[in-house]
Amino acid sequence: MSPLSVAAVFSVVLVLVVVGFLVLSTFNAIVALEQRISKAWSNIDVMLKQRHDELPNLVEAVKDLMAYEQETLVRVTEARASYSPDAPIPSQAAVSEATTAAIRQLFAVVERYPSIRSQENVLDLQGEIERLEGMIADRRELYNDSVYHFNTRIRQFPTNGLAWVFGWTPRPFFIAAEGEDARPEVDLSPD
């Protein structure tokens, strides 16, 4: 073998090793991002389930005291009933937002009834659900951040070629339902 042949073989082997390393490291980075998304979603799911379990307690605690506000209680109950952990993420996001809206409406109604507001069990349940709502919001942010990094990475060169080969597709964000981002109208004038 001539020195030129050895150099050519070495160059080809070196290029294959470098390309192989890049493919392997990119593949591992994408797998890590997918796992981060799965973990973030699991954390959201845990909070959604906890909120799902607490809602009947709150509805039961205020049901008898809110005889004239049955529509609000029905909305919360319907939102809770539509939760399905097996649904696709966009569907779960929509249900979560509907549940959050129903809970906000229920809390607004509870504020109008001093006899309900003063009950310790209602205050405890309200505090727990507010805590869960805050945790859900924090975990949504982490999930969306993970999805952002994944979606950005699979669209960048040279990963976009590997995305096509391995079938990696953009993941959906956990977004607010239509109208949730609208500024609420607040009337501070005296009645």
Side-chain angles (χ1 to χ4, degrees), residues 17-61 75-107 123-184:
V17 167
V18 168
V19 168
F21 175 77
L22 288 175
V23 168
L24 185 63
S25 64
T26 301
F27 179 84
N28 287 339
I30 296 298
V31 167
L33 288 172
E34 284 182 317
Q35 291 301 312
R36 186 181 292 165
I37 290 170
S38 296
K39 178 184 175 200
W41 179 252
S42 294
N43 289 337
I44 291 172
D45 198 40
V46 166
M47 291 295 104
L48 291 175
K49 287 177 184 170
Q50 286 181 4
R51 179 179 70 181
H52 181 267
D53 292 344
E54 287 295 327
L55 285 179
N57 297 334
L58 180 63
V59 169
E60 191 62 35
R75 234 182 247 137
V76 171
T77 304
E78 287 173 350
R80 180 188 180 272
S82 61
Y83 170 74
S84 172
D86 300 327
I89 289 173
S91 298
Q92 287 191 43
V95 168
S96 175
E97 290 302 321
T99 304
T100 297
I103 290 169
R104 285 183 191 143
Q105 184 178 8
L106 177 62
F107 287 169
L123 290 174
D124 290 345
L125 289 167
Q126 186 174 357
E128 177 64 11
I129 290 175
E130 286 173 351
R131 183 187 71 81
L132 291 171
E133 287 290 328
M135 291 178 74
I136 290 169
D138 290 343
R139 291 185 177 175
R140 283 181 192 160
E141 185 176 343
L142 178 62
Y143 171 82
N144 283 340
D145 186 56
S146 298
V147 168
Y148 166 78
H149 287 292
F150 175 82
N151 290 348
T152 301
R153 183 73 188 261
I154 66 170
R155 293 186 69 193
Q156 293 175 330
F157 181 81
T159 311
N160 58 355
L162 291 176
W164 180 76
V165 170
F166 290 111
W168 296 323
T169 57
R171 298 286 186 95
F173 286 98
F174 198 125
I175 57 175
E178 192 74 27
E180 282 288 314
D181 55 353
R183 184 175 181 206

Exercise for the section: Mind running side chain to side chain contact (heavy atoms under 4.5 Å, CB included) on Ser96 and Arg140 for me, showing each step along the way? Expected result: CA-CA 11 Å; Ser96 175; Arg140 283 181 192 160; 2.4 Å; yes
Exercise for the section: Give the intermediate values and the outcome of side chain to side chain contact (heavy atoms under 4.5 Å, CB included) for residues Gln50 and Glu54. Expected result: CA-CA 6 Å; Gln50 286 181 4; Glu54 287 295 327; 5.7 Å; no
Practice task
Apply the test side chain to side chain contact (heavy atoms under 4.5 Å, CB included) to residues Ile30 and Trp168: give CA-CA distance (whole Å), side-chain angles for both, the deciding distance (0.1 Å), then the verdict.
Solution key: CA-CA 9 Å; Ile30 296 298; Trp168 296 323; 3.4 Å; yes
Practice task
Step by step, work out the side chain to side chain contact (heavy atoms under 4.5 Å, CB included) result for Thr99 and Leu55.
Solution key: CA-CA 10 Å; Thr99 304; Leu55 285 179; 3.7 Å; yes
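With ring centers used as reference points, Phe174 lies under 6.0 Å from Trp41.
In this structure, Ser146 OG and Arg139 CZ are separated by 12.5 Å, a value rounded to the nearest 0.5 Å. Within the model, atoms CG of Leu33 and OG of Ser38 stand 11.0 Å from one another, a figure rounded to the nearest 0.5 Å. Annotation: the span from Glu130 atom CD to Ile103 atom CD1 amounts to 10.0 Å, rounded to 0.5 Å. Separating the CG atom in Asp138 from the CD1 atom in Ile44 is a distance of 10.5 Å, to the nearest 0.5 Å.
Within 6.0 Å of atom CZ in Arg155, 12 or fewer heavy atoms from other residues, nucleotides or ligands are found, so the atom counts as exposed in its surroundings. Counted within 6.0 Å of CZ on Arg153, heavy atoms from surrounding residues, nucleotides or ligands total more than 12; the atom is thus considered enclosed. Within a 6.0 Å sphere centred on CD of Glu141, heavy atoms belonging to other residues, nucleotides or ligands number 12 at most.
With hydrogens and angles disregarded, no donor-acceptor distance shorter than 3.5 Å links the side chain of Thr26 to the backbone of Val23. Judged by distance alone, with hydrogens and angles left aside, the side-chain atoms of Gln92 form no donor-acceptor pair with the main-chain N or O of Tyr83 at under 3.5 Å.
The minimum heavy-atom distance between Ile136 and Met47, with the atom names listed, is CG1-CB, 3.3 Å. The two residues Thr100 and Arg51 have their closest heavy-atom pair at OG1-NH1, 2.9 Å. A pairwise comparison of heavy atoms in Thr169 and Ile154 identifies C-CD1, 3.5 Å as the closest pair. In plain terms, the two heavy atoms of Asn151 and Pro170 that are nearest each other are OD1-CA, 3.1 Å.
By the 4.0 Å N-to-carboxylate-O rule, Lys49 lies close enough to Asp45 to be salt-bridged with it.
Residue pairs meeting the salt bridge (charged side-chain N to carboxylate O under 4.0 Å, His left out) criterion with at least one member in residues 158-173, sequence neighbours excluded: Glu34-Arg171.
Looking at heavy atoms from C-beta onward, Trp164 lies out of side-chain contact with Asn160 at the 4.5 angstrom threshold. The shortest side-chain heavy-atom distance between Glu128 and Leu132 falls under the 4.5 Å cut-off.
Using the six-membered ring where Trp is involved, Phe27 and Phe166 have ring planes that are tilted, between 30° and 60° apart.
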